[in-house]
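One structure is given below, encoded as structure tokens.
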Amino acid sequence: MLDIRLIRSSPDIIRADLLKRNETEKLVWIDDLLREDARSRELKIEDDILRQRRNVIAREINAARKSGLDTTALMAEAASLPLKIKDNDEEQEKISETIHAYLMRLPNILHESVPAGKDDTENVEIKSAGTIKKYDFELKNHGQLAVEKGWADFERATKISGAGFYFLKGSLVLLDMALQRFALDLLVQKGYIPIIPPYMINRSSYECVTDLGDFEKVMYKIEGDDAYLIATSEHPLAAMYRDEIFEDHDLPLRLAGISSCFRREIGAHGLDTKGLFRVHQFTKVEQFIFCRPEESWQLHEELLTNAEEVFQKLEIPYRIVNICTGDIGTVAAKKYDIEAWMPRENAYKEVVSCSNCTSYQAVRLNVKVRDKSNFELKRHVHTLNSTLIATSRVIRAILENCQDETGSVEIPRLLRPYMNDREYL
RNA sequence: GCUGAGGUAGUCUAGCGGUAGGGCGCAGGCCUGGAAAGCCUGUGGUGCGAAAGUGCCUCGGGGGUUCAAUUCCCCCCCUCAGCGCCA
């Protein structure tokens, strides 16, 4: 959410950003918002005066009673005030609901380096790395291979849970856990604090960290409780410090979340229908940072570098794309995706999403940092998040990239210590 | 799930119809050669104001009674302790 004070003081910055996003229909929101905000402040001034009068009279009545004076006139005036205050409050309540509704729907302000573009086809590649191998045999679909080898069972999972679920079996279970520990060790060694968060959080916390549309499309709600299954550990990690103020020396705070992730919307497209790429449930090691506003762009690059290191170490070719205005969504100010090379499809596929959300989550969460040199000054922190490893997608990348003509899968060298030094799955 | 005790500013705690007090922590100031100690001020949200200031709101949340609610009444939420159930 944007800070209303920023919109009040620099509405042209917001307007320019909406134009860049090509969301011109929201331009009128800004005018309406500014009008409502001005009216809200007028009402507050009136309200403050009424309340002040009420407080003064209450004190005067008390003083008069104590000295035995007549209070009839004061009581009469006092009796007229509550109704006026109530009317005023009701109007203010309506206005603040309107303001809040706009604020919840206005997107974050983009970084200047975000490219303009209509959708994901216009994201901009900024780097590609790794050696793409040539295969002189036909690669097997990763899902098909996994079933043949007894490493996964999709049919029985569909029978008992529905499409988009899977039983992971045998070597792939060990591989999944090896990837988790590999990822976690990499982050711990860099000073990130590993965290297992709650897998369910309540609606009010969830609204602070994600886009409203996600409630309808992405999140699983637990019936009968105010609880939603997390779509990523980013969400509980971000909400963890809700309504808190960091001291300057607490930041930057680097966290490594690990959790199962639950998502309703998975789509259904060609090769992805069956397999581990688009699923309702997967495990993810996530990087998350709370920091001072001035250091977030540098830390955004740090997160990306960490994620790249994973694919370098696993020897999986990848590229980095800068997500364009049409694909970036409401929360991030800038987002990189890492896409891993999937040789069977002859294409790069998304495996990492790395975002700087600047103060957008922090404003809703009310998370601030006390300024080092000015005790009174408290600024909203910046939050950043990035996948380190989403195991299901990396498993697919390994099954495809490391496959030989016999259908054997060679385990990436640096992962072997986590696989009891085995060379093949 | 049952019973009991609680929820007061960053934290601990007092107040139980009449401007929310104190301890600790933290920040600043005075003092000092420098520090400690001591003393003073500040500490959440928001409005007006260039500033100095000044007002309003905030005692878990929401209603009600009252000129006035942290205090009385109703509903809800959460925490802790004990018991029960349980991997």
Side-chain angles (χ1 to χ4, degrees), chain A residues 1-10 33-100 102-103 196-208 221-222 224-228 236 239-251 253 259-260 290 292 359 362-381:
Chain A
M1 174 162 91
L2 299 174
D3 191 330
I4 182 73
R5 281 168 293 197
L6 176 68
I7 302 174
R8 204 184 283 159
S9 62
S10 331
L33 188 52
L34 289 172
R35 251 195 317 274
E36 294 289 332
D37 178 54
R39 177 66 187 145
S40 165
R41 279 178 294 151
E42 276 172 28
L43 283 171
K44 167 131 178 79
I45 292 168
E46 289 169 24
D47 199 52
D48 283 0
I49 292 168
L50 288 170
R51 285 167 185 277
Q52 184 185 15
R53 186 66 196 144
R54 182 181 67 181
N55 293 343
V56 167
I57 290 176
R59 266 173 269 160
E60 284 173 357
I61 288 172
N62 188 33
R65 284 240 175 109
K66 280 183 178 157
S67 48
L69 297 171
D70 178 53
T71 60
T72 317
L74 288 169
M75 295 284 273
E77 189 186 349
S80 71
L81 288 173
L83 196 68
K84 288 183 193 164
I85 292 173
K86 200 176 174 190
D87 285 349
N88 195 314
D89 284 354
E90 277 167 11
E91 192 180 347
Q92 274 201 79
E93 177 75 13
K94 266 187 215 154
I95 289 175
S96 62
E97 272 171 28
T98 307
I99 291 173
H100 187 247
Y102 280 129
L103 290 177
I196 297 177
Y199 285 12
M200 296 175 220
I201 59 179
N202 61 36
R203 173 125 193 177
S204 75
S205 294
Y206 231 128
E207 281 187 351
C208 295
K221 174 159 178 38
I222 304 299
D225 285 286
D226 179 17
Y228 293 80
M240 188 174 177
Y241 290 94
R242 197 180 164 185
D243 296 319
E244 295 195 34
I245 298 170
F246 285 111
E247 295 302 329
D248 185 76
H249 63 258
D250 294 328
L251 301 181
L253 181 60
S259 78
S260 293
F290 291 96
R292 304 170 193 95
S359 61
V363 170
R364 284 191 196 175
L365 287 164
N366 189 27
V367 178
K368 296 178 181 174
V369 56
R370 194 183 288 285
D371 192 79
K372 196 176 185 176
S373 52
N374 181 356
F375 184 74
E376 302 281 331
L377 180 64
K378 292 166 286 276
R379 298 180 297 159
H380 286 111
V381 298

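A note on names: the letters A, B, ... follow the listed sequences, proteins ahead of strands, and every chain is numbered from 1. Just so it is clear, the model here is predicted, and its values are computed rather than measured.
Residue A/N366 has no polar side-chain atom (N or O) positioned under 4.0 Å from OP1 or OP2 of B/G45. For B/C48, neither phosphate oxygen OP1 nor OP2 lies less than 4.0 angstrom from any side-chain nitrogen or oxygen of A/K44. The shortest distance between the side-chain N/O atoms of A/K372 and the OP1/OP2 oxygens of B/A27 is not below 4.0 Å. Between A/R5 and the phosphate of B/U46, there is a side-chain N or O to OP1/OP2 separation shorter than 4.0 Å. For the pair A/R54 and B/C67, the criterion of a side-chain N or O lying under 4.0 Å from OP1 or OP2 is not met. Using a 4.0 Å cut-off, no side-chain N or O of A/R65 falls inside it from OP1 or OP2 of B/G18. In this structure, A/N62 does not reach the B/U19 phosphate: none of its side-chain N or O atoms is under 4.0 Å from OP1 or OP2.
A/R203 places its CZ atom 19 Å from the C1' atom of B/G61, with the value rounded to the nearest Å. Rounded to whole angstrom, the span from the CG atom of A/D226 across to the P atom of B/C76 amounts to 17 Å. To the nearest angstrom, C1' of B/C56 lies 4 Å from CG of A/D48. Spacing between atom CZ of A/R53 and atom C1' of B/C57 amounts to 20 Å, rounded to whole angstrom units. To the nearest angstrom, P of B/G44 lies 14 Å from CG of A/D243. In this entry the distance linking CD1 of A/I245 with C1' of B/G25 reads 14 Å, nearest Å. Between the CD atom of A/E42 and the P atom of B/G55 there is a distance of 22 Å, given to the nearest Å. Distance A/D89 CG to B/G64 P: 11 Å, rounded to the nearest Å.
The 5' end of RNA chain B is approached more closely, in terms of each residue's nearest nucleotide, by A/I49 than by the other of A/I49 and A/I57. Remark on RNA chain B: of its neighbouring residues A/R370 and A/P82, the 5'-side contact belongs to A/R370, judged by nearest-heavy-atom nucleotide.
For B/G38, the paired base is B/C30 (Watson-Crick or G-U wobble, both distances below 3.5 Å). The partner of B/G53 is B/C48, judged by Watson-Crick or G-U wobble contacts that both fall below 3.5 Å. Base pairing annotation: B/G84 forms no Watson-Crick or G-U wobble pair, as no partner gives both donor-acceptor distances under 3.5 Å. Nucleotide B/U79 forms a pair with B/A5, judged by Watson-Crick or G-U wobble geometry with both contacts under 3.5 Å. Using Watson-Crick or G-U wobble geometry with both donor-acceptor distances under 3.5 Å, B/U43 finds its partner in B/G25.
Below 30°, between 30° and 60°, or above 60°: for A/Y241 and A/F290 the angle between ring planes is above 60°, a perpendicular geometry.
Remark: A/D3 does not engage A/R379 in a salt bridge, criterion side-chain N to carboxylate O under 4.0 Å. A salt bridge links A/R39 to A/E91: at least one charged side-chain nitrogen sits closer than 4.0 Å to a carboxylate oxygen. A salt bridge links A/E207 with A/R203; the closest basic N to acidic carboxylate O contact falls under 4.0 Å.
Among the protein residues, A/A78 comes within range of the sugar-phosphate backbone only, with heavy atoms under 4.0 Å from sugar or phosphate atoms but none that close to a base.
Atom P of B/C31 sits at a distance of 38 Å from the matching atom of B/U13, rounded to the whole Å. B/G7 and B/C67: their P atoms are spaced 29 Å apart (whole Å). Rounded to whole Å, the C1' atom of B/C73 lies 30 Å from the corresponding atom of B/G22. Nucleotides B/A14 and B/G64, compared at atom C1', are 28 Å apart to the nearest Å. Distance noted for atom P between B/C12 and B/G28: 25 Å (whole Å). Going from the C1' atom of B/U8 to that of B/G21 covers 11 Å, rounded to whole Å. Separation of the C1' atoms belonging to B/C57 and B/A52 is 23 Å when rounded to the nearest angstrom. Distance check on atom C1': B/A5 versus B/G53 gives 45 Å, rounded to whole Å.
A/L50 and A/N88 make their closest contact through CD1-ND2, 4.4 Å (heavy atoms, listed as atom of the first residue, atom of the second, distance).
In this structure, the nucleotide among B/G47, B/C57, B/G18 sitting nearest to the side chain of A/I45 is B/G47. Of the candidates B/A68, B/C56, B/G45, the closest approach to any side-chain atom of A/K378 belongs to B/G45. Listed nucleotides: B/C48, B/C67, B/C56. Nearest to the side chain of A/Q52: B/C56. Which of B/G47, B/A68, B/G45 sits closest to the side chain of A/R8 comes down to B/G47. Side-chain proximity of A/R41 to the nucleotides B/G64, B/G47, B/C67 is greatest for B/G47. Of the listed nucleotides (B/U46, B/G44, B/G45), B/G45 has the atom at the smallest distance from the side chain of A/K368.
Heavy-atom neighbours of A/I196 CD1 from other residues, nucleotides or ligands within 6.0 Å: at or below the threshold of 12.
One N or O on the side chain of A/D250 and one on the backbone of A/E247 form a donor-acceptor pair closer than 3.5 Å.
Donor-acceptor pairing under 3.5 Å is lacking for the side chains of A/D226 and A/N202.
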